[in-house]
Amino acid sequence: DAGITQSPRHKVTETGTPVTLRCHQTENHRYMYWYRQDPGHGLRLIHYSYGVKDTDKGEVSDGYSVSRSKTEDFLLTLESATSSQTSVYFCAIRHSVLGYGYTFGSGTRLTVV
Amino acid sequence: KNEVEQSPQNLTAQEGEFITINCSYSVGISALHWLQQHPGGGIVSLFMLSSGKKKHGRLIATINIQEKHSSLHITASHPRDSAVYICAVISNQFYFGTGTSLTVIP
């Protein structure tokens, strides 16, 4: 998918456990994003990154942290998963060359039980 | 408050029908995306536009910047067009509509 992959694709975890989702890109794009998608809410921004070690919060950042130690990887961590974090998570990259074009990853379906 | 509103929320059509999905937004934008998401699937960008009209096969997207409105049209609809269509605008950040669920019946 245009050089962006998410892992894992599916995960079931218990309340209170830490979880890390990975977004990997192969095209050296500067901007990367993490969204969650829930029925009735559409896609909501969790965190985004505008470069290595440069990240900022989105509208639903509580309970999440991110890290970007190298250009190709953007990690989303739930330090202590809660049932309200059951969702589908999408990573996206913004194309540096094609103006404001975006590509989304295939999504990670996370279930917290 | 939603910066992006789509209508209708759900749409069922017979194969071959002409379909229109509407998107209105309340913020100043630099561009607008129409996205497609099949059930259980990833999100694909169909169009990015900042003015006028674009056409890909049976899909047509238009935007009126002054009226802050965009439409996505599907001509000669087909069951494989069944998906959720999401309008998203790029302002200081990316704002998403909640999507229009389209079902095309054979």
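No hydrogens, no waters, no symmetry mates; every other heavy atom, side chains included, goes into these values. Because the structure is predicted, anything quoted here is derived from the model rather than measured.
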inquiry  = Does anything in residues 96-106 of chain B reach chain A? List residues with heavy atoms under 4.5 Å apart, or say none.
reply    =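 B:F96, B:G97, B:T98, listed by number.
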Query raised in the report: Any chance the side chains of A:Y64 and A:R36 put a donor and an acceptor closer than 3.5 Å?
Result: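 Note: A:Y64 and A:R36 side chains meet the donor-acceptor criterion.
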* Side chains of A:T55 and A:H47: donor-acceptor distance under 3.5 Å anywhere? ->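 Not at all, the side chains of A:T55 and A:H47 share no donor-acceptor pair under 3.5 Å.
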Verify salt bridge (Lys or Arg N to Asp or Glu O under 4.0 Å) between A:D73 and A:R22, making sure each step is shown before the conclusion. CA-CA 7 Å; A:D73 287 324; A:R22 180 181 184 233; 3.1 Å; yes
(request) Locate the shortest heavy-atom distance separating B:L49 from B:A61; write the atom from each residue and the value. (result)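 Here B:L49 and B:A61 meet closest at CD1-O, 3.7 Å.
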### Query
Is there side-chain contact between B:E3 and B:V89, with heavy atoms separated by less than 4.5 Å?
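No, their side chains stay 4.5 Å or more apart.
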- Parallel, tilted or perpendicular: rings of A:Y50 and A:Y31 (30°, 60°):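 Rings of A:Y31 and A:Y50: tilted, as their planes differ by 30° to 60°.
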Q: Using non-hydrogen atoms and a 4.5 Å limit, figure out which bit of A:Q6 sits close to chain B: side chain, backbone, both or neither.
A: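 Neither part.
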Heavy-atom cut-off 4.5 Å, strictly under: side chain, backbone, both or neither for A:Y35 against chain B?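 Looking at A:Y35, just its side chain touches chain B.
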Test of understanding: clusters of I, L, V, M, F, W, Y form through side-chain heavy atoms closer than 4.5 Å, transitively. Do A:V60 and A:L75 belong to the same one?
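A:V60 and A:L75: separate clusters.
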- Query: Heavy-atom distance under 4.5 Å to chain A: side chain of B:Q9, backbone, both or neither?
  - Reply: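 B:Q9 has no heavy atom closer than 4.5 Å to chain A.
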